[in-house]
**Q** 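Okay, handing you the structure first.
Side chains included, hydrogens not; waters and symmetry mates left out as well; all remaining heavy atoms used. In this chain, numbering begins with 1 at the start of the sequence shown.
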Amino acid sequence: MDNLRREEEIIRDLKSKLYNCELELDGVKSLNESLTKKVTLMTNNEIEITHLKAENSRLRDECVKSYQEKEDCMSLNYTLSEQIKDLQEEVNALKMRRNTGFEELVKHPCTCDSCNTTITGIRYKCGHCADFDLCSLCIGTYHDYNHVFLKIRHPVHIDSRVVLLSPFRYYPGGSVHNSVYCDICGKSPICGIRYKCGNCRDFDVCGKCEVSISKLHDESHIFIKLNRPVYPDVGFENTPLLPNFIPII
């Protein structure tokens, strides 16, 4: 009888342990289902995040493209405005000369590398090429985007074998010349095209004042046309960038 009782007790203990194991198993199954749902939710969230990142990248690329198109349009607008100013200046000069009995525009000792005609009126010489010149009608034609031109009103002797300017470093995008003001009207900062005197230590004018610069500044000085903001590297702001050229009489 004692053996029978012990066996019955063992059986009851085993049933109790089995019941507890079943409860633990149910708890594990429930926890597993909960974790599975969370993993599925996290996976869906990761997929959604991936899609959002792709959409954000696409929108950013579109913004960059739109901004570049805007910059290109602004650059073209400034170029056309400059051409109009130059043509108007030459027309006014021609009228003045006709009124005084002198009809011939000033001629420069070079030809335009675009239309291959002798340059009269205003000569644009590339400061980063040894021998590249454009007339006022061709200044908008294609040339290296990082090169700048000298705006020359009066004929001067320039050695065509010499590159006059070292390469410039430009700020990315934009047309606002921060910390640079016009020494004529005081506009600050200069927006659009900045004209820097190549023969002065520090003299800049805006596009509006440059039209009548011959009356406001030394006529023998030559201005550098800057379409984009330039990094103020050592020697750029406080040193004349050009030599004094000998005028052709």
**Q** Quick one, Ile248 with His157, criterion side-chain contact (heavy atoms from CB on, under 4.5 Å). Give me CA distance, side-chain angles, the key distance, then yes/no.
**A** CA-CA 6 Å; Ile248 298 175; His157 290 285; 3.4 Å; yes
**Q** When you measure from the side chain of His177 to the backbone of Gly192, do you find a donor-acceptor pair of N or O atoms at a distance under 3.5 Å?
**A**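 Yes; at least one donor-acceptor contact below 3.5 Å.
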**Q** Do you reckon Leu164 sits in the same ILVMFWY cluster as Val156, going by side-chain contacts under 4.5 Å, direct or chained?
**A**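 Hydrophobic grouping puts Leu164 with Val156.
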**Q** Arg201 versus Pro240: any side-chain heavy-atom pair under 4.5 Å?
**A**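 Yes. Closest side-chain heavy atoms under 4.5 Å.
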**Q** Start with the C-alpha distance between Asp61 and Lys65, add both sets of side-chain angles, then the distance that settles side-chain contact (heavy atoms from CB on, under 4.5 Å), and finish with yes or no.
**A** CA-CA 6 Å; Asp61 291 341; Lys65 183 179 178 181; over 6 Å; no
**Q** As an exercise, state the distance from NZ of Lys125 to NZ of Lys225, rounded to the nearest 0.5 Å.
**A**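 If I round to the nearest 0.5 Å, the distance is 16.0 Å.
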**Q** Just how far is it from atom CG of Asp144 to atom SG of Cys126, taken to the nearest 0.5 Å?
**A**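 With rounding to 0.5 Å, CG (Asp144) is 7.5 Å from SG (Cys126).
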**Q** Do Ile119 and Leu134 belong to the same hydrophobic cluster, where Ile, Leu, Val, Met, Phe, Trp and Tyr are linked whenever their side-chain heavy atoms lie under 4.5 Å apart, directly or via other members?
**A**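 Looking at the clustering, Leu134 is in a separate group from Ile119.
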**Q** Given side-chain contact (heavy atoms from CB on, under 4.5 Å), test Leu25 with Lys29 step by step and report yes or no.
**A** CA-CA 6 Å; Leu25 179 61; Lys29 288 182 178 179; 3.9 Å; yes
**Q** Is there a side-chain contact between Val106 and Pro155 (heavy atoms, below 4.5 Å)?
**A**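 Contact flag for Val106/Pro155 side chains = yes.
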**Q** Kindly determine whether Lys151 and Ile122 satisfy side-chain contact (heavy atoms from CB on, under 4.5 Å), including the steps that lead there.
**A** CA-CA 7 Å; Lys151 190 172 182 178; Ile122 296 177; 3.7 Å; yes
**Q** Shortest non-hydrogen contact from Ser212 to Leu216?
**A**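 Looks like O-CG, 3.5 Å.
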**Q** What's the spacing between Asp218 CG and Cys200 SG if we round to 0.5 Å?
**A**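 Separation between the atoms: 7.5 Å.
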**Q** Are Ile152 and Leu165 joined in one hydrophobic group, where the rule is that I, L, V, M, F, W and Y side chains link up if heavy atoms are under 4.5 Å apart?
**A**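 Per the 4.5 Å side-chain linkage, Ile152 and Leu165 are co-clustered.
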**Q** Taking the side chain as every heavy atom from C-beta outward, state whether Asn44 and Glu48 have any atom pair closer than 4.5 Å.
**A**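 Asn44 does not reach Glu48 side chain to side chain.
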**Q** Is the backbone of Asn32 close enough, under 3.5 Å, to the side chain of Lys37 for a donor and an acceptor to pair up by distance?
**A**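 Looks like no, no N/O pair under 3.5 Å.
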**Q** If you look at every heavy atom in Asp133 and Arg123, which pair is closest and at what distance?
**A**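 Here Asp133 and Arg123 meet closest at OD1-NE, 2.7 Å.
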**Q** Tell me whether Ile246 at atom CD1 has more than 12 heavy atoms from other residues, nucleotides or ligands lying less than 6.0 Å away.
**A**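 Atom CD1 in Ile246 is not packed in, count stays at 12 or less.
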**Q** Salt bridge or not for Arg58 and Glu62, using N-O below 4.0 Å?
**A**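 Result for this pair is yes, salt bridge flagged.
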**Q** Using side-chain hydrogen bond (donor to acceptor under 3.5 Å, both in side chains) as the criterion, list what pairs up with Asn178, not counting sequence neighbours.
**A**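 With sequence neighbours excluded, Asn178 shows a side-chain hydrogen bond (donor to acceptor under 3.5 Å, both in side chains) to no residue whatsoever.
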**Q** Could you tell me which non-hydrogen atom of Pro172 sits nearest to which non-hydrogen atom of Tyr231, and how far apart they are?
**A**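 The pair with the smallest heavy-atom distance is CD-OH, 4.2 Å.
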**Q** Donor-acceptor pairs are to be reported for all side-chain atoms of residues 180-189 against protein atoms at under 3.5 Å, with residues two or more places apart or in another chain.
**A**
{"from": "Asp183", "atom 1": "OD2", "to": "Asp204", "atom 2": "N", "distance (Å)": "2.8"}

**Q** Using modelled atom types and a 3.5 Å cut-off, is there a donor and acceptor pairing between side-chain atoms of His108 and backbone atoms of Thr118?
**A**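 Side chain of His108 to backbone of Thr118, a donor-acceptor pair under 3.5 Å: no, none is there.
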**Q** Report the distance from atom CD of Glu33 to atom CG of Leu31, rounding to the nearest 0.5 Å.
**A**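 Rounded to the nearest 0.5 Å, the CD-CG separation comes to 10.0 Å.
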**Q** Which atom pair, heavy atoms only, marks the closest approach of Val205 to Glu210?
**A**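 Here Val205 and Glu210 meet closest at CG2-CB, 3.9 Å.
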**Q** Please find the pair of heavy atoms, one from Asn199 and one from Pro243, that lie closest to each other, and give the distance.
**A**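 Here Asn199 and Pro243 meet closest at ND2-O, 2.9 Å.
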**Q** When you group the ILVMFWY residues by side-chain heavy-atom contacts below 4.5 Å and let the links chain together, are Ile222 and Ile224 in the same group?
**A**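 They do share one cluster, since a chain of ILVMFWY contacts under 4.5 Å joins Ile224 to Ile222.
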**Q** Cluster question for you: counting only ILVMFWY and a side-chain heavy-atom cut-off of under 4.5 Å, with indirect links fine, are Val148 and Leu150 together?
**A**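 The answer is yes; both residues are in one hydrophobic cluster.
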**Q** Rounded to the nearest 0.5 Å, what separates atom OG1 in Thr40 from atom CG in Asn45?
**A**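 So the gap between those two atoms works out to 11.0 Å.
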**Q** Measure across Cys129 and His143 and return the closest heavy-atom pair with its distance rounded to 0.1 Å.
**A**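 Looks like SG-NE2, 3.6 Å.
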**Q** Quick one: NZ on Lys196 to CG on Asp202, what's the gap to the nearest 0.5 Å?
**A**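 So the NZ of Lys196 and the CG of Asp202 are separated by 5.5 Å.
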**Q** Return the set of residues passing ring pair (Phe, Tyr, Trp, His ring centres under 6.0 Å) with His217 (not counting sequence neighbours), or none when no residue passes.
**A**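 Only Phe203, His221, Phe223 meet the ring pair (Phe, Tyr, Trp, His ring centres under 6.0 Å) criterion with His217.
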**Q** Would you check if the distance from the ring center of Phe132 to the ring center of His147 is below 6.0 Å?
**A**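 Ring centres of His147 and Phe132 not closer than 6.0 Å.
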**Q** Are Arg228 and Phe168 in a cation-pi setup, meaning NZ or CZ lies under 6.0 angstrom from the ring centre and within 45 degrees of the ring axis?
**A**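 Arg228 over Phe168 ring: no.
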